[in-house]
Amino acid sequence: MSSSIGNNIRVTIFGESHSAAVGMVMEGLPPGEKVDMDALRAFMKRRAPGRSELTTQRKEPDEPEILSGIKDGVTCGTPVCIMIRNLDTRPSDYDEIKNIPRPGHADYTSYVRYGGFNDYRGGGHSSGRLTAALCAAGGIALQILERRGVAIRAYITEIGGFDIDEDTAAASEALDKAKAEGNSLGGIIECEASCVPAGIGDPIFNGMENDIAKAVFGIPAIKGIEFGAGFRAAAMTGSENNDDFFFDQEGCVRTLINNHGGILGGITSGETIVFRAAIKPTPSIAKEQRSVNLATGENVSIRVKGRHDPCIALRACPCVEAAAAIVILDHMAERNKL
């Protein structure tokens with residue numbers, strides 16, 4: 001099982017949705033880096049459940065407990081291990097569907113992959129609950145990057161196909177309707193990483209796009225990603241898509257537009273890294289769906305009980321920021337930019 005990412009800054013995620021805790025181990029951090037725990041808590045709270053009527057009512061404090069690697073608020077240079085306890089679990093919610101995979105979830109594929117020994121409660125290790133640990137690691141990476149002048153922010157651009165800026169009322173109405181009907185919606189999140197130095201990344205298989213995509217796809221429910229102009233570039237001509245170069249007043253090489261999304265040939269250009277991630281509708285819905293009983297070999301119907309977000313995108317922005325931060329920090333460390 002691969003639950004790790006990174007070469008110089010390596011992050012490993014552990015735990016399950018209804019286990020005692022989730023957490024992360026972060027290796028390779030430079031010694032002497034200050035970690036503001038209040039800022040880390042505030043960042044993780046943006047992702048935490050139970051904060052509004054439009055998110056799951058599972059209430060978790062998401063308090064990061066430092067087990068190693070940080071002393072007196074400063075990194076030691078040794079592996080940082082942070083644990084986040086699961087305090088509001090309801091594993092009994094899944095007793096009735098132990099052998100019935102939920103449509104849209106990893107229940108069936110995990111059952112096959114692990115021979116039926118997978119933790120099925122709330123999706124186990126494939127649950128969105130694991131993004132709490134991702135945000136713990138990403139929150140630390142963001143603080144280190146900020147001191148190097150790099151800023152990362154993600155924001156929702158679409159909910160259920162409605163543009164957030166142009167169709168705010170329609171998006172809100174669609175969310176309320178989906179929740180009332182026991183249904184769910186998807187969304188699109190855009191992320192910008194500014195002031196990333198030029199020359200970071202690699203060609204072919206270890207490009208900045210490759211590694212950001214890999215990390216972002218580690219967030220459950222992500223189904224697509226595009227950089228810069230993305231799929232729109234397929235309808236452009238070369239002269240429309242190409243970004244002309246010029247020297248700015250400070251003698252730095254810049255581009256007139258940013259269709260390339262800050263990355264060319266897997267390597268950063270110095271322009272803002274821009275990408276968009278598509279998030280599918282929450283697969284746990286109260287509407288009746290068809291499934292199978294793996295124990296009896298019968299076709300059955302299922303209604304998923306429990307506490308679930310009507311739209312995962314509403315809590316996913318910090319997760320996307322965290323994933324991008326971990327990758328950018330890793331590549332900067334490789335190029336001795338820290």
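The figures here come from the full heavy-atom set of this structure, side chains too, leaving out hydrogens, waters and symmetry mates.
Annotation: side chain to side chain contact (heavy atoms under 4.5 Å, CB included) contacts of S110 (sequence neighbours excluded): A106, Y114, N118, S126. Partners of D202 by salt bridge (Lys or Arg N to Asp or Glu O under 4.0 Å), not counting sequence neighbours, listed by chain and number: R335. When the salt bridge (Lys or Arg N to Asp or Glu O under 4.0 Å) test is applied to D119, the partners found at least two apart in sequence or on another chain are R121. Listed by chain and number, the residues in a salt bridge (Lys or Arg N to Asp or Glu O under 4.0 Å) with D211 amount to none (sequence neighbours excluded). The side chain to side chain contact (heavy atoms under 4.5 Å, CB included) check on A313 picks up I159, I279, C311, with sequence neighbours excluded. A search for salt bridge (Lys or Arg N to Asp or Glu O under 4.0 Å) contacts involving E158 returns nothing, not counting sequence neighbours. In this structure E209 satisfies the side chain to side chain donor-acceptor pair (under 3.5 Å) test with no other residue, sequence neighbours excluded.
When every heavy atom of A178 is checked against every heavy atom of L185, the shortest pair comes out as CB-CG, 3.9 Å. Scanning all heavy atoms of the two residues, the minimum distance from G6 to R10 falls at O-NH1, 2.5 Å.
The CG atom of D176 sits 11.0 Å away from atom CD of E181, with the distance rounded to the nearest 0.5 Å.
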Pair D62, R47 - check salt bridge (charged side-chain N to carboxylate O under 4.0 Å, His left out), show working.
CA-CA 9 Å; D62 280 1; R47 187 224 69 94; 2.9 Å; yes
Go through it in stages, so that I can follow the logic: the residues are L256 and D243, the test is side chain to side chain contact (heavy atoms under 4.5 Å, CB included), and I'd like the CA-CA distance, side-chain angles, deciding distance and then a yes or no.
CA-CA 6 Å; L256 290 174; D243 294 322; over 6 Å; no
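A salt bridge does not link R85 to E63: none of the charged nitrogens lies less than 4.0 Å from a carboxylate oxygen.
Cluster partners of Y111, by chain and number: Y108, V112, V292, L294. The rule joins Ile, Leu, Val, Met, Phe, Trp and Tyr whenever side-chain heavy atoms lie under 4.5 Å apart. In the hydrophobic clustering (ILVMFWY side chains linked at under 4.5 Å, chained through shared members), F231 stands by itself.
Within a 6.0 Å sphere centred on CZ of R147, other residues, nucleotides and ligands contribute more than 12 heavy atoms. No more than 12 heavy atoms of other residues, nucleotides or ligands sit less than 6.0 Å from atom CD of E146. In the displayed structure, E166 atom CD is contacted under 6.0 Å by at most 12 heavy atoms of other residues, nucleotides or ligands. Around CD of E173, the count of heavy atoms belonging to other residues, nucleotides or ligands within 6.0 Å does not exceed 12.
A side-chain donor-acceptor contact under 3.5 Å links R148 to the backbone of L338. A donor-acceptor pair under 3.5 Å is formed between the side chain of E321 and the backbone N or O of A154.
A 4.5 Å side-chain heavy-atom check between D163 and T157 finds every atom pair outside the cut-off. For the pair I212/I273, a side-chain contact is recorded, criterion being any heavy-atom separation below 4.5 Å from C-beta on.
Identified under the ring pair (Phe, Tyr, Trp, His ring centres under 6.0 Å) test for residues 161-218, with sequence neighbours left out: none. Within the structure, side chain to side chain donor-acceptor pair (under 3.5 Å) contacts touching residues 216-238 (residues at least two apart or in different chains) are E226-R276, T237-S239, T237-E240. Residues in residues 246-286 take part in these ring pair (Phe, Tyr, Trp, His ring centres under 6.0 Å) pairs, two or more places apart or across chains: F227-F275.
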